[in-house]
Amino acid sequence: DAVSAGVFQSQWNARVGDILCEGERPFKKVLCANRGEIAVRVFRAASELGASTVAVYSPQDRLQPHRYKADESYCVGEGKPEYSPI
């Protein structure tokens with residue numbers, strides 16, 4: 001319900017605030033093996049926490065936004081056109 005979700009969110013914010021106040025980062029680098037809007041959101045959140053980001057992509061996905069939103073990106077494999085959503 002909304003009340004328990006609000007309590008969880010405030011506890012989460014307090015914990016993240018504790019981590020950030022101590023100068024520690026939970027992760028130094030985050031690899032997101034996803035694409036599209038989800039990957040962009042993951043990269044944004046990681047950047048806000050001070051972590052660098054890595055995207056992996058197939059040759060068919062070389063022009064997708066998630067590749068350019070990450071700090072680093074690497075092509076993995078040759079890909080198969082019949083399996084590509086593009």
Side-chain angles (χ1 to χ4, degrees):
D1 65 354
V3 173
S4 60
V7 170
F8 175 79
Q9 186 65 40
S10 63
Q11 290 173 346
W12 173 259
N13 289 343
R15 179 65 185 129
V16 169
D18 290 346
I19 291 170
L20 296 178
C21 289
E22 294 171 7
E24 298 176 4
R25 294 184 304 186
F27 304 103
K28 293 180 182 177
K29 189 178 286 191
V30 175
L31 182 142
C32 183
N34 203 327
R35 60 183 178 214
E37 183 62 26
I38 297 298
V40 172
R41 289 180 186 195
V42 168
F43 296 150
R44 185 181 315 129
S47 295
E48 288 176 4
L49 291 173
S52 61
T53 57
V54 180
V56 292
Y57 64 95
S58 69
Q60 292 84 7
D61 293 332
R62 70 186 178 282
L63 300 177
Q64 296 297 314
H66 77 284
R67 177 183 173 201
Y68 299 102
K69 295 291 185 180
D71 297 321
E72 303 172 35
S73 63
Y74 300 97
C75 182
V76 291
E78 294 298 318
K80 297 183 180 179
E82 64 267 22
Y83 296 119
S84 178
I86 299 174

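Remember, it's a predicted structure, so these values are computed and weren't measured experimentally.
The hydrophobic cluster containing Y57, built from Ile/Leu/Val/Met/Phe/Trp/Tyr side-chain heavy atoms closer than 4.5 Å, comprises no other residue. Here V40 is tied to no hydrophobic group at all, with no ILVMFWY side chain closer than 4.5 Å.
The structure places CZ of R67 at 14.5 Å from CZ of R35, a figure rounded to the nearest 0.5 Å.
No side-chain heavy atom of V30 sits less than 4.5 Å from a side-chain heavy atom of F43.
In this view, Y74 and V54, E72 satisfy the side-chain contact (heavy atoms from CB on, under 4.5 Å) rule, not counting sequence neighbours. Partners of V56 by side-chain contact (heavy atoms from CB on, under 4.5 Å), not counting sequence neighbours, listed by chain and number: L31, A33, V76. N34 pairs by the side-chain hydrogen bond (donor to acceptor under 3.5 Å, both in side chains) definition with nothing, not counting sequence neighbours. In this structure R41 satisfies the salt bridge (Lys or Arg N to Asp or Glu O under 4.0 Å) test together with E37, sequence neighbours excluded.
Among all heavy-atom pairs drawn from C75 and S58, the shortest one is SG-C, 4.3 Å.
Panel note: side chain T53, backbone D71; a donor-acceptor pair is recorded below 3.5 Å.
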